[in-house]
Structures are given as structure tokens and as C-alpha cells.
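Report on the structure given below.
Naming convention: chains lettered A, B, ... in sequence-line order (proteins, then strands); numbering from 1 in each chain.
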Amino acid sequence: MLELQRIRENKEEVVERLSVKNFDAAALVEEIIDLDLQRRTNQKQLDDTLARSKQLAKEIGRYFKSGEKEQAEAVRKESLSLKEQSKAFSVQLDKIVKTLNAKLVELPNVPHPSVPRGKSDEDNEQVYSEGNLPELAENALPHWELADKYKIIDFDLGSKVTGAGFPFYRGKGARLQRALINFFLDEAIAAGYLEYQPPLMVNEASGFGTGQLPDKEGQMYFAGLDKLYLIPTAEVPLTNIYRNVILKEEDLPVKNVAYSSCFRREAGSYGKDVRGLNRLHQFDKVEIVQIQHPEKSYETLEVMKEHVAVLLRKLELPFRILRLCGGDLSFTSALTFDFEVFSGAQKRWLEVSSVSNFESYQANRMKLRFKGKDGKTRLAHTLNGSALALPRIVAALLENNQTPDGIKIPKALQSYTGFDIID
RNA sequence: GGAGAGAUGGGUGAGUGGCUGAAACCACCGGUUUGCUAAACCGGCAUACCUUUCAACGGGUAUCGGGGGUUCGAAUCCCCCUCUCUCCGCCA
């Protein structure tokens with residue numbers, strides 16, 4: 001969530017910038033400022049009452065010790081009435097704080113000044129592209145037909161055993177998955193990231209910390225008996241490692257990477273978007289996360305972008321980078337770049353990575369801070385990016401590299417797969 | 001799943017109703033001393049909110065796993081929850 005101080009001191013700017021996200025924050029911001037004022041007034045009253053109570057309690061102690069029972073009794077009476085007062089203040093303060101927090105959570109992150117206005121993904125701004133679009137024969141097959149032809153992915157079997165969106169990978173298909181995971185992890189480790197194997201289920205506090213809860217509750221699978229959520233991305237456990245942590249400035253940046261399966265309910269998706277590997281309920285992804293000094297986070301965002309670009313280059317996939325417009329930007333993000341690869345037979349761009357700077361928005365929710373060299377404690381900035389999500393990479397690899405002899409594996413991957421063609 | 005023990009500041013650990021936001025030691029930071037290093041000595045060392053003619057030095061409140069209760073007063077007593085450890089059961 002946004003920092004209260006920022007809302008208080010830059011009210012107009014916050015409202016104006018949030019309008020880029022097509023979010024009308026004017027009324028909400030006023031409410032928050034008003035609640036904050038109430039909170040402070042109330043707190044002052046409570047604190048004063050408690051301070052007096054403490055004083056009296058000490059007096060009573062002294063009287064009892066010196067055996068002055070009568071004085072003690074008198075003071076005790078006063079203290080008793082103070083107790084009622086402070087109870088009332090405390091109940092009211094609690095109510096105000098709860099309302100204030102609920103309102104604060106409704107406020108999305110403020111977009112970076114470079115974020116263009118726009119309604120939907122059609123308004124995203126292409127900032128870079130690389131590689132030539134593949135020229136495939138007219139009868140080129142989409143990946144789901146290739147998957148079937150070479151018996152490397154079985155969607156029907158997944159439907160039988162689990163449900164739609166939970167495919168089986170088999171033979172060279174399974175090995176290709178394993179190869180990609182190892183390739184991505186090795187690249188991240190070489191770039192200085194520390195590898196984690198995180199839990200695939202998280203508790204409610206973690207879901208709140210990275211911003212999945214409360215608003216995106218319906219997107220996560222929930223194990224109700226134990227109140228645990230299946231992670232939609234490794235970002236959740238990987239970032240929540242630092243929930244309620246105060247790092248030292250010299251520990252920054254923290255660079256973590258994790259491979260994990262990801263689970264998404266994807267309620268409301270349909271049509272060509274969910275065909276084959278285009279959108280799954282369970283998929284594999286390697287995720288990179290950085291925790292960085294506020295003054296360096298945008299530099300870092302560029303570095304992370306380049307990391308993803310290198311991966312796609314090594315996989316010889318044509319890709320483009322989009323700067324998400326306000327309308328397409330997620331609730332918690334200040335600036336996001338999407339990477340899309342061109343999938344030759346479907347003739348469409350598929351999103352394979354999303355690299356974001358959340359500034360202090362997640363950090364404020366989870367109280368992730370660092371102590372500066374000046375001794376002051378400040379919120380850190382969090383960033384993350386997919387590097388990369390597997391299914392659509394596989395879709396593009398299959399489609400773009402199909403030949404009459406089989407599907408060619410890019411050079412960089414061959415030492416990982418142990419084969420250079422799927423036939 | 002059953003039985004028991006426990007959770008205190010960065011770490012170890014004292015503290016069973018008032019003088020404890022919390023001893024001591026270690027770690028860390030600053031200083032003195034010192035050929036250098038080390039040692040010794042002195043000082044500092046949590047977080048949040050409030051207070052904004054407090055520039056600075058401050059003042060107030062809360063926090064001893066989390067929540068609730070008893071009491072004029074709770075780290076200390078009571079209840080609930082979470083987690084950790086030990087033993088038993090089960091098991092990849």
C-alpha cells in the first residue's frame with residue numbers, strides 16, 4: 001500500500017497519477033486523510049489518559065508500600081475511572097485504524113511518470129523488438145497439434161486425471177521442460193541470484209504481503225481445511241521471506257531466484273486464449289526477485305529486463321518489449337514491461353515475462369525495510385520478473401522450429417535436453 | 001494424531017505482580033589508548049505511532065510469539081491461537 005505520509009503531503013499528485021490507471025482516487029484519498037486525522041487526535045487522547053494512569057499506578061504502589069492505605073484507596077478510585085476512559089478511546093482508535101487500513105488497501109500503487117495512459121492491452125507501448133518473424137509454410141501446425149503429433153504433451157490425459165488446463169508432459173516433452181528450468185536457473189545463478197526452492201503453498205499473511213489478497217482471492221486455489229493458498233507465482237513466497245524484516249543497507253540488493261509450479265484458477269478466460277499451452281491452471285516458471293535501495297530500483301529494473309532479453313536471445317525467439325499502459329498495469333505495480341514472443345503458427349504474440357517495479361508498495365504491506373548508513377529505517381523497493389514462464393516458450397519453440405524432420409532444439413538448450421530434435 | 005516442555009532485544013540468556021523497554025555477556029558502531037593489529041577502558045546500540053518554536057539535546061504511548069482477560073499496576077497470573085523442541089504413533 002501507499003505510504004500515508006506520501007498521500008498526506010502529495011494529495012493532488014497521487015490523485016492525478018492514479019488517474020493514469022483509470023482510478024478515481026479523489027474521494028478515497030479525502031477519506032483516508034480524514035481518518036488519519038481522526039486517528040491522530042484519538043491517539044493523543046488515549047496516550048494522555050494512559051500516561052496519567054501510569055502515573056497514578058506508581059503513586060498507588062508507593063502508598064501501599066508506606067502503608068498509607070487511605071491515600072491509596074483515593075487514588076485507586078480516580079485510576080478506575082481513567083481506565084474506563086482509556087478503554088473507550090482504545091476501542092474507538094481500533095475502529096478508526098481498521099477502517100483506515102481497509103481504505104488504504106483499496107488504493108492501487110501510483111504509476112511511474114513514464115506509464116502511458118490507456119484502457120487495455122491494445123494501448124501498451126512497444127519499446128523494443130528483436131529477431132525476425134519466422135516464415136513458416138502454409139500448413140504449419142499450431143503447438144497443440146505438434147504436441148499431439150510427437151506425443152510430447154497430452155492435454156486430454158490431463159483433463160481425465162485432473163481437469164482442463166492441467167496437461168501431462170511426456171518423453172522429450174517432459175525433458176524439454178526440465179531442460180528449460182535448469183537453463184533458466186543456471187542463467188540466473190550466473191547473474192548472481194541465490195536459488196531457493198520455496199513452499200508451493202502460503203498462508204494468508206503472505207498472500208496479503210505481495211498483494212494477492214484480499215482483492216485477487218478468486219484467482220488462487222485455496223486449501224480450506226488448512227487455510228493455505230497455492231501460489232500463483234514464486235514471487236509470493238520469495239518476497240515474503242522478507243516480511244517484517246529490517247535489512248542492512250549493505251545487504252542490498254537482495255537477489256533471489258526460484259523455480260516453482262504456479263497455480264491459477266483463471267476464472268473467466270475462454271476461447272483461443274486458453275487453447276493448448278496458451279493459458280494453464282498449472283504451469284512452471286522461474287522467477288527472479290530483487291529487493292533494492294529506493295534510489296537504485298529503476299536501474300535494477302533495466303538490468304532485469306536485459307536478463308530476460310538475453311534468455312530469449314539465447315533461445316533464438318523473436319520478441320518484443322511493451323511498456324504497459326495505465327489500464328493494463330497491475331494493482332500493485334508502478335511500472336511493468338511485458339515480454340512477448342512470436343508464435344509462428346498461431347501468428348500471435350504470447351506474453352512470456354512480466355518485469356515490474358513495485359517501489360515501496362509491497363514493502364509497505366509487508367514491512368520490508370532496511371536501515372540506511374545514516375541509521376534511519378526506510379522501506380525498501382521490491383522488483384520481480386519471470387525469467388521465464390515455460391508454457392508459452394514451449395509453444396513458440398515448437399511452432400517456430402518445426403521442420404519436416406521434426407522440431408529443432410536451439411543450440412543453447414541442447415546441452416540441457418541431451419537431444420537436438422524432437423521427432 | 002497422542003503426551004509433555006518451551007517461545008524475552010541481532011545472538012546467548014536473567015527476570016514469577018510495581019524501582020523492567022527489560023540485567024549480564026557476545027556481536028555491532030563510535031571514541032580513548034596504541035609502531036600496526038589485538039587487548040583494555042568509555043560511550044552508543046529495537047520498532048511503530050503521537051508530539052512539530054523539539055533545529056539539535058527532547059517529551060508521551062505501545063510492543064517480552066499473536067489475541068483476549070484479571071488487576072490501580074503484568075514479561076511475570078488466567079484463557080484461546082500459532083510456532084518450536086522431546087517422546088509415542090504414522091510415514092515419502
Under 3.5 Å, which donor-acceptor pairs link side chains of residues 224-234 of chain A to any protein atom two or more places apart or in another chain?
{"unit_1": "A:Tyr229", "atom_1": "OH", "unit_2": "A:Glu217", "atom_2": "OE2", "d": "2.9"}
{"unit_1": "A:Thr233", "atom_1": "OG1", "unit_2": "A:Glu235", "atom_2": "N", "d": "3.0"}
{"unit_1": "A:Thr233", "atom_1": "OG1", "unit_2": "A:Lys285", "atom_2": "NZ", "d": "2.8"}

Set out, line by line, the N/O atom pairs under 3.5 Å between protein and nucleotides 58-60 of chain B.
{"unit_1": "B:G60", "atom_1": "N2", "unit_2": "A:Asp47", "atom_2": "OD2", "d": "3.0"}

- RNA chain B: stems of at least 3 consecutive Watson-Crick or G-U pairs, cut-off 3.5 Å? B:1-7 with B:82-88, B:10-12 with B:24-26, B:28-32 with B:40-44, B:46-51 with B:58-63, B:65-69 with B:77-81
- Query: Out of A:Val341, A:Val308, A:Leu317, A:Asp284, which residue meets the side chain to side chain contact (heavy atoms under 4.5 Å, CB included) rule with A:Leu388?
  - Reply: A:Val308
- Across the strands shown, which category fits A:Leu82 at heavy-atom distances under 4.0 angstrom: base, sugar-phosphate, nothing? nothing
- Query: CD of A:Glu250 versus C1' of B:C29: gap in Å, rounded?
  - Reply: 11 Å
- Answer with yes or no whether the side chains of A:Glu3 and A:Ser360 bring together a donor and an acceptor at under 3.5 Å. yes
- Using the C1' atom as the reference point in each nucleotide, state the distance between B:G65 and B:U82 in Å, no decimals. 8 Å
- Query: Is there a residue in residues 28-40 of chain A whose heavy atoms reach under 4.0 Å of RNA chain B, and which residues are they?
  - Reply: A:Arg39, A:Arg40
- Message: Run the salt bridge (Lys or Arg N to Asp or Glu O under 4.0 Å) test against A:Glu316 and tell me which residues pass, sequence neighbours left out.
- Response: none
- Message: A side-chain contact here means heavy atoms from C-beta on lying under 4.5 Å apart; do A:Arg392 and A:Glu340 qualify?
- Response: no
- Under 4.0 Å between a side-chain N/O of A:Lys371 and OP1 or OP2 of B:U47, yes or no? yes
- Query: Is the closest side-chain donor-acceptor distance between A:Asn240 and A:Arg243 under 3.5 Å?
  - Reply: yes
- Item | No-hydrogen, no-angle side-chain donor-acceptor test under 3.5 Å, A:Ser206 and A:Asn203 | yes
- Message: Can you measure A:Ile246 atom CD1 to B:G9 atom P for me and round it to whole angstrom units?
- Response: 13 Å
- Query: Between A:His381 and A:Gln292, does any side-chain donor sit less than 3.5 Å from a side-chain acceptor?
  - Reply: no
- Whole-Å distance separating the CG atom of A:Asp94 from the C1' atom of B:A62: 13 Å
List, with names and distances, any nitrogen or oxygen atoms from the protein found under 3.5 Å away from nitrogen or oxygen atoms belonging to nucleotides 72-81 of chain B.
{"unit_1": "B:C72", "atom_1": "OP1", "unit_2": "A:Arg76", "atom_2": "NH1", "d": "2.2"}
{"unit_1": "B:C72", "atom_1": "O2'", "unit_2": "A:Ser79", "atom_2": "OG", "d": "2.4"}

- Is there a donor-acceptor contact under 3.5 Å linking the side chains of A:Asp338 and A:Ser354? yes
- Task: Using a heavy-atom cut-off of under 4.0 Å over every strand shown, decide if A:Lys87 touches base, sugar-phosphate, or nothing.
- Result: sugar-phosphate
